[in-house]
Amino acid sequence: MRGGKLFVIMPSEKDFTFIMKRRNGVSKIYSCGTLQAENVGEEVTLRGWVNRRRDLGGLIFIDLRDRSGLTQVIFDPQISEEGHATASKVRSEYVLKISGTVRKRPEGTENSNLATGQIEVAVTSIEVLNTAKPLPFEINDRVEVDEMVRLKYRYLDLRRPRMQNNIILRHRIVKYMRDYLDERGFLEIETPIMIKSTPEGARDYLVPSRVHPGEFYALPQSPQQLKQLLMVSGMEKYFQVARCFRDEDLRSDRQPEFTQLDIEMSFIEQEDILQLTEGLYIGLVEKIVANRKLKQKPFPRFTFEESMAKFGNDKPDLRFDLFLTEISDLVKDSEFKVFSGAIAAGGQVKGLSLPGCANYTRRELDGLVEFVKQFGAKGMAWLALDKNERGEFTSKSPSGKFFTPEQLEVIASRFEPAAKPGDLLVFVADQPAVVANALGRLRNEMGRRLNLLNPDELAFAWILDFPLLEWKPEEKRWDAVHHPFTAPKPEDMHLLDTAPGAVRADCYDIVCNGYEVGSGSIRIHRRDIQSKIFSLLSYSEEEAQARFGHLLNAFEYGAPPHGGIAPGVDRTVMILAGEESIREVIAFPKTQSATDEMTQAPSPVDEKQLRELGIALIPQNKG
RNA sequence: GGAGGCGUGGUGUAGUGGCCAAACAUGCAUCCCUGUCAAGGAUGAGACCGCGGGUUCGAAUCCCGUCGCUUCCGCCA
């Protein structure tokens, strides 16, 4: 899915008409995409870039481009000898100011591909505002240019229609978010970018202090603690389009700095946040992107457990019906030791039914086995379903001989929808976490490969009831699944001492098309409970005080119950734009190695700067 | 930290051991052209095939290393 054609931005007059009010001598100044048949006869001025020049010798056409679109302007020596002479020297991406008369195009030369295709401007005067060297790549969406070249010349890349659309869409989305929350009584409040480092989770970006040599600020991984403190401040409803920084390795949907719509509310319950957020996303889709369709509203809800069981992960792609199906009970006594052995060892057997894949070649099957092995599965069993003359289920596969036709039929009917001859059943037998990961990945892969997912569809859902804590075997301690300020479910509170791993959190993720779009939780607002969680996370009272003292102290002065959510702005725009990388919706993104090709950041600094900061560099081995 | 893919005129690709002193498209330059709109026609310039080493009589092509971009794993409260 390439190019900016997947979404249609609902038109907003405001974007382009403001400029029309200005006058330039006798002629009105227009944007290039706005002139219509009704303007015929008007004296107008246009400014823009030369998108394309077509020099017919005696007659020159130029498509003049600005943000709003294209207008064909024509240079006729009979109208202006001088203008025609100048136009013959003009090249691609020169910046021009032209004045002339809007006229209807001659019969048969209209261009229906152009919004302004009914008219053209006959130029009486031209001014070259700036020239341009030949460009490193063409300003259009027809070719896929190398990522490094695009990023080095990002200011040119951003001239391409696809990128202009993406940036405009991003603006509209963020504007809608701000308006939506403003209408509901939220205050946009800025929080500091230089804060105290409280390393927990991701690595911090550090900023050295000159005034306090040897000490550092950190850039916020998110404004989490600050927004909670704003709740203690009585702000009640807060939001911020907040930049967040995490020094971790990049992915197509992860940049070292990214933007969240950070939201926090007091005196609310989980349901309030879900309703608020769901309303926001339904509005975004229905009001901003015309040709994307919501698969389902209200959004379906799954518990974490259900999602893991059915989809093998906590961010399911719900655009296609392919479900992980457990058959442990059917095969626990099987002769097939791969199955019965795994169950005896405390594991399980689950499978997927791949429609119409029974004719996969050995080579294709080996490919699937290799695929699941990447994700920890020891192997993959398969049953290629067929029917014999008597109408009985058969399966041509090594493991098929362990199952009678009746058993095959029972297994096949366990799937939803029931597997039929011609389908390929694939199974992984292992510990539940391994089974979920391997089959969950395979599910997504096959959804793509079998063309089961509609790119225009948006399948949002809520994932609820995450566990509060997970056991870190290497560190021999419990760790917060979401973050350490997440409230345990009141009904599970009694398990904190006896079975911490069974405690569920008041925590929720909004997901769409296989991406985690946002996550949030009801927070702890009582000092005693927060201390208890810190101690479960193996922080001493002193450590907790040193790191989070500001929050713990604040909780002693009348902290209201509160909670919030933080949808990812970049991912939201990416999904609504139909793009596959957030780099396509960020004006100046970084490469996978976190460099900026345009400015060459990061870069060495002067010795003097380092000395002022009291920093000495340790020589690196490499290079 | 690890695995895969890619790297050939400005851009996008072809070429996978000799036919390559590298082809095609586009862009660029010069010329012709008054209804084009991814204009058309003619002519021309432009790449030592990411970089370094090796194998070979011979390397864009095979091998090793390295760098860059990218996808993924680890990591991402």
Side-chain angles (χ1 to χ4, degrees), chain A residues 51-64 70-79 84 88 91-93 105-114 116-117 120 122 133-153 156-157 198-204 220-222 224-225 244-256 258 370-371 373-376 437 441 444-445 466 468-470 472 474 478-486 505 507 516 519 521 533-534 537 547-548 566 568 580-581 583 590-593 595 597 622-623:
Chain A
N51 195 59
R52 207 151 201 116
R53 188 181 68 114
R54 293 178 293 280
D55 187 344
L56 276 60
L59 208 55
I60 298 171
F61 296 95
I62 285 178
D63 291 334
L64 204 62
L70 296 176
T71 295
Q72 172 168 286
V73 300
I74 176 169
F75 296 84
D76 185 338
Q78 288 173 4
I79 295 174
H84 180 266
S88 70
R91 294 295 180 265
S92 284
E93 300 303 311
R105 292 196 187 191
E107 191 77 30
T109 65
E110 302 90 348
N111 185 348
S112 56
N113 296 323
L114 226 52
T116 60
E120 64 193 4
K133 294 202 292 188
L135 269 57
F137 52 85
E138 295 169 58
I139 308 298
N140 60 50
D141 293 336
R142 281 192 295 279
V143 282
E144 204 70 31
V145 180
D146 182 75
E147 189 82 12
M148 201 176 21
V149 178
R150 291 179 61 194
L151 292 179
K152 180 174 177 188
Y153 298 98
L156 298 179
D157 193 37
T198 57
E200 189 55 40
R203 272 183 286 267
D204 280 332
Q221 296 179 22
S222 84
Q224 180 60 37
Q225 294 168 52
C244 306
F245 306 86
R246 293 178 193 175
D247 186 5
E248 295 296 343
D249 288 339
L250 285 75
R251 291 286 186 279
S252 59
D253 62 349
R254 270 163 40 187
Q255 284 269 308
F258 61 99
E370 282 314 303
F371 183 85
K373 278 184 175 172
Q374 289 177 73
F375 302 105
N437 191 28
R441 302 278 187 170
N444 283 335
E445 175 67 16
F466 284 78
L468 182 73
L469 303 166
E470 65 180 334
K472 290 254 168 174
E474 326 81 67
W478 292 99
D479 197 18
V481 169
H482 186 53
H483 57 54
F485 317 112
T486 301
C507 187
E516 179 196 312
S519 83
S521 62
I533 297 296
F534 281 147
L537 299 176
R547 286 191 186 185
F548 306 110
E580 288 179 347
S581 163
R583 291 190 303 276
K590 293 184 174 53
T591 66
Q592 192 165 37
S593 51
T595 62
E597 285 299 310
K622 73 169 192 182

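Computation of the quantities below employed the complete heavy-atom set of this structure, encompassing side-chain atoms and omitting hydrogens, waters and symmetry-equivalent molecules. Throughout, a chain's letter reflects where its sequence line sits, starting with A, and its residues are numbered from 1.
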Starting at [atom1] of [X] and ending at [atom2] of [N], how long is that distance when rounded to a whole Å?
| X | N | atom1 | atom2 | value |
| --- | --- | --- | --- | --- |
| A:Glu580 | B:C72 | CD | C1' | 14 Å |
| A:Leu114 | B:U36 | CG | P | 15 Å |
| A:Phe75 | B:C37 | CZ | C1' | 15 Å |
| A:Phe245 | B:C76 | CZ | P | 20 Å |
| A:Lys373 | B:A3 | NZ | P | 18 Å |
| A:Arg150 | B:U70 | CZ | P | 10 Å |

_Residue met sooner reading RNA chain B from 5', once A:Asp253 and A:Arg54 are mapped to nucleotides_ = A:Arg54
_Toward the 5' end of RNA chain B, by each residue's nearest nucleotide, A:Asp249 or A:Glu147_ = A:Glu147
For [X], side chain to side chain contact (heavy atoms under 4.5 Å, CB included) partners two or more places apart:
| X | answer |
| --- | --- |
| A:Asn444 | A:Asn313, A:Asp317, A:Phe320 |
| A:Gln221 | A:Ala202, A:Asp204, A:Arg246 |
| A:Asp76 | A:Leu59, A:Gln78, A:Ile79 |
| A:His483 | A:Gln224, A:Phe485, A:Thr486, A:Ser521, A:Arg523 |

Which part of the nucleic acid, if any, lies within reach of [X] when heavy atoms closer than 4.0 Å are counted: base, sugar-phosphate only, or nothing?
| X | answer |
| --- | --- |
| A:Gln255 | nothing |
| A:Thr71 | nothing |
| A:Arg583 | sugar-phosphate |
| A:Thr486 | nothing |
| A:Arg547 | nothing |
| A:Gln224 | base |

_Sequence-distant partners of A:Phe258, ring-ring contact (aromatic ring centres under 6.0 Å, His included), two or more places apart_ = none
When the [atom1] atoms of [M] and [N] are compared, how many Å lie between them, rounded to an integer?
| N | M | atom1 | result |
| --- | --- | --- | --- |
| B:C64 | B:U71 | P | 25 Å |
| B:G4 | B:U66 | P | 13 Å |
| B:C32 | B:G68 | C1' | 45 Å |

Both distances below 3.5 Å, Watson-Crick or wobble geometry, any strand: find the nucleotide opposite [N].
| N | answer |
| --- | --- |
| B:G46 | none |
| B:G74 | none |
| B:U36 | none |
| B:U13 | B:A23 |

*asked:* Between the base of B:G12 and the side chain of A:Asp146, is there a donor and acceptor pair under 3.5 angstrom?
replied: no
*asked:* Does any part of the side chain of A:Leu250, heavy atoms only, come nearer than 4.5 Å to the side chain of A:Pro256, both counted from C-beta?
replied: yes
*Side-chain heavy-atom pair A:Leu135, A:Leu156 within 4.5 angstrom cut-off*: yes
*How does each nucleotide of nucleotides 27-35 of chain B score, in 5' to 3' order, for protein heavy atoms under 4.0 Å: base (B), sugar-phosphate only (S), or none (-)?*
SSSS--BBB
*Quick one: list whatever passes side-chain hydrogen bond (donor to acceptor under 3.5 Å, both in side chains) with A:Lys152, sequence neighbours left out.*
none
*Quick one: salt bridge (charged side-chain N to carboxylate O under 4.0 Å, His left out) partners of A:Glu516, sequence neighbours excluded?*
none
*For the residue pair A:Phe534 and A:Phe548, does the interplanar ring angle fall in the parallel (under 30°), tilted (30 to 60°) or perpendicular (over 60°) class?*
parallel
*Has the side chain of A:Thr595 got a donor or acceptor atom that lies under 3.5 Å from a matching backbone atom of A:Glu597?*
no
Which protein N or O atoms sit under 3.5 Å from an N or O of nucleotides 4-7 of chain B?
none

